[in-house]
Each structure stands twice: as structure tokens, then as C-alpha cells.
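Just below is one structure, and these are the notes that go with it.
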Amino acid sequence: MSIGGDTFAAVIFDISGGGAKLQLKEAGTAAVNAMPKTVILTIPEYGGYEGDIIWIDDEYIGIHFHENHKTMVKLITG
């Protein structure tokens, strides 16, 4: 996941066409709070998905994608 110019490892706990729940592996919420709300979630072999952070809970964050990615999510979770 990229926030501003920084990249962080994350685990996807839930994903849909409209968004995702992630756990940040290398940076806590302090890093997320200090940076812009727009992020890019990059999933190897599937590309990057731009969205906004809409909630933060401890080391978890919720992202709302700028576009609906229903078809790609079906391939990822397939």
C-alpha cells in the first residue's frame, strides 16, 4: 500500500468491489494519520487500486476505492 510517497506492507482481511479492510504490517496508525488520506493498494499480479482511508482502528484501516472493481475482486477471491 502506498500513502503519499511511502510504501507499507499490509494484509488484506476483507475486499469487495467498493473497498478493503487492511492491517498495516510495518507502520501503525500514527503513520497513516500523518499522511494524506488517498492511498494506492497494489496487489501483485492484479495491479493498483486508488482509494481513500475512511476509518482507522488500531492497526487496521478501511479503504473506499475511487472506482468499483467488482470484476477484479471476483478474480482475486476466485
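Side chains are part of it too, since the values below use all heavy atoms of this structure and drop only hydrogens, waters and symmetry mates. Residue indices begin at 1 and follow the sequence shown.
- One finds the CG atom of L41 at 13.0 Å from the OH atom of Y46 (value rounded to the nearest 0.5 Å).
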Return a table of donor-acceptor pairs under 3.5 angstrom between the side chains of residues 8-21 and protein atoms on other chains or two or more places apart.
residue : atom : partner : partner atom : Å
S16     : OG   : G18     : N            : 3.3
S16     : OG   : G19     : N            : 3.4

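- For D52, the side-chain contact (heavy atoms from CB on, under 4.5 Å) partners at least two apart in sequence or on another chain are T38, H66.
- The shortest side-chain heavy-atom distance between I3 and K37 does not fall under the 4.5 Å cut-off.
- For E67, there are no side-chain hydrogen bond (donor to acceptor under 3.5 Å, both in side chains) partners two or more places apart in sequence or in a different chain.
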Test side chain to side chain contact (heavy atoms under 4.5 Å, CB included) applied to V39 and E50, step by step: CA-CA 6 Å; V39 300; E50 189 172 300; over 6 Å; no
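- For T42, the side-chain contact (heavy atoms from CB on, under 4.5 Å) partners two or more places apart in sequence, or in a different chain, are I40.
- In this structure, CD1 on I61 lies 4.5 Å from CD1 on I53, to the nearest 0.5 angstrom.
- In this structure, the side chains of Y49 and I43 come closer than 4.5 Å at one or more pairs of heavy atoms.
- Taking each heavy atom of S2 and T7 in turn, the nearest pair found is OG-OG1, 3.6 Å.
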